[in-house]
Amino acid sequence: MRILVTGGAGFLGSHLCERLLSSGHEVVCVDNFFTGRKRNVTALLQNPLFELVRHDIVLPILLEVDRIYHLACPASPIHYQYNPVKTIKTNILGTLNMLGIAKRTRARILLASTSEVYGDPAVHPQKEDYWGNVNPIGIRSCYDEGKRCAETLMMDYHRQNGVDIKIVRIFNTYGPRMLPDDGRVVSNFIVQALEGKDLTVYGNGSQTRSFCYVDDLIDGMISMMDSEDFIGPVNLGNPQEFTILDLAKKIIAMTGSRSKIVHKPLPSDDPTQRRPDITLAGVKLGWKPKVTVDDGFRNTIEYFTKELAR
Ligand code: NAD
Ligand code: UDP
């Protein structure tokens, strides 16, 4: 098949492009390189089945494809808050443009949505039928309300135009190819520990997150795309939950670092708890994460050790 991956030069997108090519598909990667890097996909440029297009999906593009994995959108709070209006445009206009391609070419389209649609959840762990607790006017709204509207657009194109859609809600995912200055917690803590700098815990560190290794996440996304008679939304994530303070201690122990922990102000609207209920993914896709947190962190520490030595 010819498969379009928007945001294909980013962290998750580049792993996805690699996996699709290794299964023999043709891949068109569309990216504006806001948070993605050419370096993430340069190895793939040798492959005649791979095509890299610099394009901003806020603007329409004409492509003929069989499937669309729609990932383009900055994912780290510092990046999506850098230009919040642009983040909204990417989520709304970008998703409309991709749905336009899906409608015209009858391509199946999968949206990379997020656990952020649950906001600061009052229900724990989070199931797909929970509608969320989202501040519509806060500094995270450009991202979480943007993704909520992108989900709405997907559902309305499905109901109104019969577009073949899939929605996955991704929970915090980490692994090689995150940017060292990405701002997300796992990469921040690993880079700080490796550089002997203090680990910056925001607030008292009692807020929780659950961390999924990238390979597992890509398995889940591909299983969802290949599934029949199930449009989602479906949660994809690893249910093992950590407080941020415990995560900092774990990273210090695993890196053997002498770094200390310092506390910084908690950003506003930072969710207090997050853990996916992945029962639905198990039932519908036979999916659950396989990589242990210890193995996943070890691989990621190894990756950043090499990156920092470059
Ligand atoms: P990332 O920032 O590494 O990747 C996003 C990619 O999209 C980058 O390559 C960026 O350059 C590109 N992009 C951004 N705006 C664009 C635009 N207007 N036009 C074209 N390209 C554009 O982030 P990621 O972690 O790989 O996330 C990928 C997707 O998965 C995002 O949609 C994100 O919301 C979703 N997601 C990720 C996580 C996670 O933990 N990694 C969690 C929930 C949801
Ligand atoms: N966080 C932190 N120190 C950092 C970066 C993040 O304590 O250097 C916290 C952040 O406040 C949040 C959690 O770690 O509570 C996860 O943050 P991240 O930006 O990785 O993801 P998200 O908040 O979008 O889940």
Side-chain angles (χ1 to χ4, degrees), residues 5-17 29-38 40-41 53-59 61 69-81 83 86-91 93-95 97-98 110-117 120 140 143-144 146-147 150 168-175 177-179 182-192 197-212 214 217-218 221 235-237 242-245 247-248 251 261-274 276:
V5 180
T6 73
F11 161 50
L12 296 180
S14 60
H15 285 273
L16 178 63
C17 289
C29 163
V30 169
D31 205 296
N32 70 350
F33 302 115
F34 174 47
T35 50
R37 291 183 294 192
K38 262 194 200 157
N40 286 343
V41 289
V53 182
R54 179 193 285 265
H55 176 78
D56 193 313
I57 57 149
V58 160
L59 300 171
I61 182 170
Y69 284 90
H70 176 32
L71 277 68
C73 178
S76 164
I78 53 167
H79 292 131
Y80 69 65
Q81 287 163 18
N83 183 344
K86 178 62 193 258
T87 301
I88 296 173
K89 284 185 182 171
T90 297
N91 275 316
L93 300 177
T95 302
N97 286 330
M98 293 310 115
L110 177 146
L111 171 71
S113 185
T114 169
S115 53
E116 294 278 328
V117 299
D120 187 6
R140 295 174 86 97
Y143 183 72
D144 47 33
K147 289 281 185 182
V168 296
R169 291 181 178 155
I170 303 169
F171 284 65
N172 300 62
T173 300
Y174 68 94
R177 298 206 197 116
M178 294 182 94
L179 296 172
D182 179 88
R184 282 179 274 190
V185 70
V186 174
S187 45
N188 268 14
F189 284 180
I190 292 178
V191 170
Q192 288 163 343
K197 294 183 179 152
D198 293 339
L199 272 66
T200 51
V201 168
Y202 301 159
N204 64 11
S206 64
Q207 70 272 33
T208 68
R209 295 292 187 275
S210 309
F211 299 100
C212 185
V214 59
L217 199 279
I218 300 299
M221 274 178 113
N235 289 339
L236 295 179
F242 288 84
T243 68
I244 295 304
L245 190 58
L247 175 73
I251 300 287
I261 290 171
V262 291
H263 292 269
K264 299 258 170 164
L266 187 68
S268 69
D269 293 339
D270 198 286
T272 49
Q273 53 181 0
R274 182 183 292 158

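By convention here, the first residue in the shown sequence is residue 1. Note that ligands are numbered from 1 as they come in the structure, with each ligand's atoms numbered from 1 the same way.
Backbone and side-chain nitrogen or oxygen atoms of Val185 are examined, and one is located within less than 3.5 angstrom of a nitrogen or oxygen of ligand 2. Ligand 1 has no N or O atom lying under 3.5 Å from any N or O atom of Thr114, backbone or side chain. Taking only nitrogen or oxygen atoms, main chain and side chain alike, Ala72 does not reach within less than 3.5 Å of ligand 1.
Near Gly36, the atoms of ligand 1 lying under 4.0 angstrom from a non-hydrogen atom of the residue are 8 (C), 9 (O), 10 (C), 11 (O). Set against the non-hydrogen atoms of His55, the atoms of ligand 1 under 4.0 Å away are 19 (N), 20 (C). Taking every heavy atom of Gly183 and a limit of under 4.0 angstrom, the matching atoms of ligand 2 come to 5 (C). Within ligand 1, the atoms closer than 4.0 Å to a non-hydrogen atom of Gly10 are 3 (O), 4 (O), 8 (C), 9 (O), numbered from 1 in the order shown. Each of the atoms 7 (O), 13 (C), 14 (O) of ligand 2 lies under 4.0 Å from some heavy atom of Ile244. Here is the list of ligand 2 atoms found below 4.0 Å of a heavy atom in Gln207: 9 (C), 11 (O), 15 (O). Under a 4.0 Å criterion applied to the non-hydrogen atoms of Asn172, ligand 2 contributes the atoms 21 (O), 22 (P), 25 (O). Residue-ligand proximity, Val201 to ligand 2, at heavy-atom distances under 4.0 Å covers atoms 7 (O).
Neither the backbone nor the side chain of Lys264 has a heavy atom within less than 4.0 Å of ligand 2. Residue Val186 does not touch ligand 2, judged by heavy-atom distances below 4.0 Å. Contacts between Met178 and ligand 2, counted as non-hydrogen atom pairs separated by less than 4.0 Å, are absent for every part of the residue.
Comparing heavy-atom distances from atom 15 (O) of ligand 2 across Leu266, Leu247, Asp270 singles out Asp270 as nearest. Which of Asp31, Asn32, Thr95 comes nearest to atom 17 (C) of ligand 1 through a heavy atom is settled by distance: it is Asn32. Distances from atom 41 (N) of ligand 1 to the heavy atoms of Arg177, Arg37, Arg184 show the closest one on Arg184. With atom 36 (N) of ligand 1 as the reference point, the heavy atom nearest to it among Tyr143, Phe34, Tyr80, Tyr174 is part of Tyr143. Looking at Cys73, Ala75, Ser14, Pro74 and measuring to atom 5 (C) of ligand 1, the nearest heavy atom belongs to Cys73. The nearest non-hydrogen atom to atom 5 (C) of ligand 2, considering only Tyr80, Tyr202, Phe211, comes from Tyr202.
Between Gly94 and ligand 1 there is no heavy-atom distance shorter than 4.0 Å. Ligand 1 lies nowhere less than 4.0 angstrom from a heavy atom belonging to Met178. The shell of residues lying under 4.0 angstrom from ligand 2, judged by heavy atoms, excludes Gln192. Within the structure, the closest approach of Ser113 to ligand 1 falls below 4.0 Å when heavy atoms are considered.
Ion pairing between Asp270 and Arg209 holds under the 4.0 Å rule for side-chain N and carboxylate O.
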Q.
With side chain to side chain contact (heavy atoms under 4.5 Å, CB included) as the criterion, how do Phe189 and Ile244 come out once you've worked through the C-alpha distance, each side chain's angles and the decisive distance to 0.1 Å?
A. CA-CA 10 Å; Phe189 284 180; Ile244 295 304; 3.8 Å; yes

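For atom 22 (P) of ligand 2, the closest heavy atom belonging to the protein is Arg140 NH2, 3.5 Å. Looking at atom 6 (C) of ligand 1, its nearest protein heavy atom turns out to be Gly7 CA, 3.6 Å.
Here CD of Gln207 is found 8.0 Å from OG1 of Thr243. Values are rounded to the nearest 0.5 Å.
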